[in-house]
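These figures come from a predicted structure and were not determined experimentally. Read the numbers this way: they start at 1 and go in the same order the structure lists the ligands and their atoms.
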Amino acid sequence: MSRVVSDRIRALDGYAPGERPSADARVIKLNTNENPYPASPKVVRAVEESLARLHLYPEPMSDGLRRAAASLYGVEPENILVGNGSDELLGLSFKACAPDGGRVAFPVPTYSLYRTLAELAGCEVVTATSLEGRVPPEVVAADADILFLCTPNSPLGYEIPVPELEDVAQRASGLVVIDEAYVDFGGTTALRLIDRFDNVLVLRTLSKSFSLAGARVGLAFGRVDLIRELAKVKDSYNVSRLAQAAGQAALEDPDWMESNASRVVVTRKRVAVALGAMGFAARPSAGNFLWVDCGAFGGRATYEGLRDRGILVRFFDAPALTSGVRVSIGTDADMDRFLTAITDVAKTH
Ligand SMILES: *Cc1c(COP(=O)(O)O)cnc(C)c1O
């Protein structure tokens, strides 16, 4: 193997997804921000119907899904690129805007895939810390080929106000990717910025609010010419026929998504209050998760204590994040077990 894989790739760690308990384990999984509620029954029916055509390649541009998204979000189909998850769309931004390496910038902490993809692409990475909804000036001044802004932010839960995003779009010279993976849980969308800025790409995913993490469907919104260029660098058949059927049916049933998202938001608020009463500070969150500060006890000990009690949350061994854990919002029953377990963990302190 010594000469088979490039040294540059060998030196990288790769992306570390949240751990996955074995299927039979009775573990409550609150570590990857999945939706605890299943997708719409209309999704199941659409996927079943699509099975009869599995011998045929899917539509290269996911036309049916794209029309459904255009109609739901009030844009033209040509403003949308459908991806195999928004993770693929993040990768396409590198292929299109920094194909030979270059510079990318983003506030940290944030979604760790931005850095992984940047390293894979051989890009220089400029970061600055932000713990609330302001974009650090160093990040804007970096003159980056791509600037990533995750709002609502994972893992901290804050939002960057739309006027601030607008200001960044105005001042940035390269592509500004606004990653709105969690916006349906009470955030404010910046989607309309694509009408005024040719350098803005807004990303959405069906993995979280639409309960389709297993299907892999993401949406990129931008000006028609930007979308056309991004489409050039994708795989020809990047979204499977099954995923297109699932995604289209989900977008045609937004009431299902909204009712599940509302339940998650209600549970999130209840859990935040309960944690506060126990002396844990949960940051305000516009996502389907809470950032919980564990004080002197620390994030790692809390994570381990919860894991020993059958509950998986996310601990990030990164600067600014070791003092807390990120907890995805599950069903009310899941969260009651979580609250009982964290009370128990706190007693061992
Ligand atoms: C979950 C998540 C994604 C990935 O979405 P997929 O569509 O499942 O690839 C992208 N960005 C952020 C910030 C996320 O949390």
Which residue and heavy atom of the protein sit nearest [atom], plus the separation:
atom                    : result
atom 11 (N) of ligand 1 : Asp179 OD2, 2.7 Å
atom 9 (O) of ligand 1  : Arg216 NH2, 2.7 Å
atom 5 (O) of ligand 1  : Ser86 OG, 3.0 Å
atom 15 (O) of ligand 1 : Tyr182 OH, 2.5 Å

Hey, which atoms in ligand 1 end up nearer than 4.0 Å to a heavy atom of Ser207?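 Counting from 1, the qualifying ligand atoms are 6 (P), 7 (O), 8 (O).
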Counting each atom of ligand 1 from 1 as listed, which ones have a heavy atom of Cys150 under 4.0 Å away?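 Per the distance check, 13 (C).
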Modelled atom types, side-chain donor and acceptor of Thr32 and Lys29, under 3.5 Å: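 On atom types as modelled, these side chains qualify, holding a pair under 3.5 Å.
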Just checking, is any N or O donor in the side chain of Tyr15 or Asp87 under 3.5 Å from an acceptor N or O on the other one?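 No donor-acceptor contact under 3.5 Å links the two side chains.
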Measure Asp87 to ligand 1 on non-hydrogen atoms and call it side chain, backbone, both or neither using the 4.0 Å cut-off.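 Answer for Asp87: both.
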Where does Lys208 meet ligand 1, judged by heavy-atom distances below 4.0 Å: at the side chain, the backbone, both, or neither?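 It is the side chain that gets close, since no backbone atom is under 4.0 Å.
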Look at the side chain of Arg283 and the backbone N and O of Trp291, then say whether any donor-acceptor pair between them is shorter than 3.5 Å.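 A pair under 3.5 Å: no.
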Ring-plane angle category for [X] and [Y], please: parallel below 30°, perpendicular beyond 60°, tilted otherwise.
X      : Y      : result
Phe221 : Tyr73  : perpendicular
Tyr114 : Tyr111 : perpendicular
Tyr182 : Phe289 : perpendicular

Counting both backbone and side chain atoms, is some N or O of Tyr114 under 3.5 Å from an N or O of ligand 1?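 The answer is no, given that Tyr114 and ligand 1 share no N or O pair closer than 3.5 Å.
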With respect to Val168, which candidate in Leu193, Val200, Leu147, Val139 satisfies the side chain to side chain contact (heavy atoms under 4.5 Å, CB included) definition?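 Exactly one pass, corresponding to Leu147.
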